[in-house]
Amino acid sequence: MTVRYSAPGRINLIGEHTDYNAGFALPIALPQRTFVSFDPSPSGALSVSSSLGDGPVEIGLDTVPGEVTGWAAYVAGVVWALLNAGVAVPGGTMTITSEIEIGSGLSSSAALECAVLGALLTALGVDLDRVEQAHLAQQAENEYVGAPTGLLDQLASLFGEPGQAMLIDFRDVTVQPVRFDPEASGVALLLIDSRARHAHAGGEYAARRASCERAAADLGVASLREVSDASALGAVSDPVDARRARHVLTENQRVLDCVAEMSSSDFAAVGELWTASHASMRDDFEITTPHLDLIAATAVRAGALGARMTGGGFGGCVIALVPRERVDAVSEAVSRATSDAGYPDPVITRTHAGGGAGQATSA
Ligand code: GLA
C-alpha cells in the first residue's frame, strides 16, 4: 500500500526569533507543500529520491547523526528521532516532491520533516499528538542536521488551517487559531521572494540565540519571556546582547497587538506593526540585509500598509499587506527598485493561509 502525505511551508506573519525565547509568534501555513509518497517494504533501508536534489539516497534504519548530509539529512533525522522515541521505522521506497524553495525562509525544511514524519507514522498506524510530532521533527533538525532552530516552523506546518493564523505561545506550547482573511477586507497578502538564499546551520542564527541566552542569564531568568519590561535590560552586561533582547521583548508585544488588531480587521494597524517589526529586526536584532530593507521600504513607500522580512533572516522573503488597488503599483515599484540596485528580479505572489499537514493530498 502506498502512503501519500504532505505538509506545507509557512509564513510567519510576526514574532521572529521569539520561539526559542519562550515567546509568541503568529504564523500561517502556506498553500505550497512538500509531498511524500512511501511504499513500505521489508528491506532494511529507506531509499529516498527527491525533486530537491540527486538521488536516490539510501538511509539505514539505524542511522546516526553525521551519516547523511544535504536534503536527505532531514529525512534521516526523522528516522533517527523516531527510533530514539522507541518507534522502529519500516524500510521501503520514498519519493519526495516539493513546491517550496530551499532557503527561501518559508520552512522547506519543516515541511519536509513533517511530511516524512506523517508518512512514516501513517504507514505504522501510529497516532501521535501534533505537539509531540513537532518536537520530534525539531529534534531531527537540531540534533541530526545540526541547525539550532526553535519550534515555530514545525508547529505552523502541523497546525495550519485555511483562513487562519496561529497564535503560538512557546512557553506552554499552545496553538490558538486566529482568523486571518485580509482579502475579505480588500487587502492582499503579498509574498515577495528576494531570491537571496540563507542557511540556518550557519553561525548567525546560533549567534543570535546565544545572545538571547546570555541576556537571560545576566537577568537571572530562565527565558526572556520572564522579563516584563525593557527597562530591566540595563542589567544586561553586553550592549549588543541588550539590543537583541530588546527586539525579543518588543516583538512579543507586537505579536499580541497584531492579534488584537486582526480581531477588528484593522489591517492598517497590523501593517504598522509589521513595519515596526522589520525596523526592530534591522536595528536591534540585525538579521535583515540591505536587499531586504530595500524591498520592505519600497513596498511601504509605494502604498503597502506595512512590510517585513519573514523567517530566520539574512535572505528569503518579505511580506506586505497591500490594498487591492495598490498591488500592481507596489509590485512594479519593488521590481524596479531591486533591478536598479542590481539585485535579482524578485518573485512576487499574492498568497493566503492554507491547510496543515495531512494525508489528503495531490502532488
Ligand atoms: C527559523 C527557525 C525558527 C524561528 C525563525 C525565526 O525559521 O527555524 O525556529 O526561530 O527562524 O523566527
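As the structure lists them, so they are numbered: ligands from 1, and atoms in each ligand from 1.
- Cation-pi check for R130 over F159 is met; the charged atom lies under 6.0 angstrom from the ring centroid and within 45 degrees of its normal.
- Ring pair H291/Y343 is parallel by interplanar angle, where below 30° counts as parallel and above 60° as perpendicular.
- When each atom of ligand 1 is checked for a heavy atom of T149 under 4.0 Å away, the hits are 2 (C), 8 (O), 9 (O).
- In this structure, the side chain of R10 engages the main chain of G105 through a donor-acceptor pair within 3.5 Å.
- Ring geometry, F180 versus F267: the interplanar angle exceeds 60°, so the pair is classed perpendicular (tilted spans 30 to 60°).
- Residue-to-ligand polar distances place H17 within reach of ligand 1: an N/O pair is separated by less than 3.5 Å.
- Of all the atoms in ligand 1, the ones that sit under 4.0 Å from a non-hydrogen atom of E16 are 6 (C), 12 (O).
- Close contacts of ligand 1 with R10, meaning ligand atoms under 4.0 Å from a residue heavy atom, involve 7 (O).
- At least one N or O atom of Y205, backbone or side chain, sits closer than 3.5 Å to an N or O atom of ligand 1.
- Note that R33 lies outside the cation-pi zone of Y5, set by a 6.0 Å cut-off to the ring centre and a 45° limit from the axis.
- Using a distance-only test at 3.5 Å, with no hydrogens or angles considered, no donor-acceptor pair links the side chain of D229 to the main chain of A232.
- Residue contact check: G150 has heavy atoms under 4.0 Å from atoms 9 (O) of ligand 1.
- Every heavy atom of M281 sits 4.0 Å or more from the atoms of ligand 1.
- Nearest-residue assignment for atom 2 (C) of ligand 1 (options N142, L106, D153, T310; heavy-atom criterion): D153.
- Remark: of the listed residues L151, D19, L155, D153, L151 is the sole one forming a side-chain contact (heavy atoms from CB on, under 4.5 Å) with Q138.
- Comparing N21, I14, D19, N12 by heavy-atom distance to atom 3 (C) of ligand 1, the nearest is D19.
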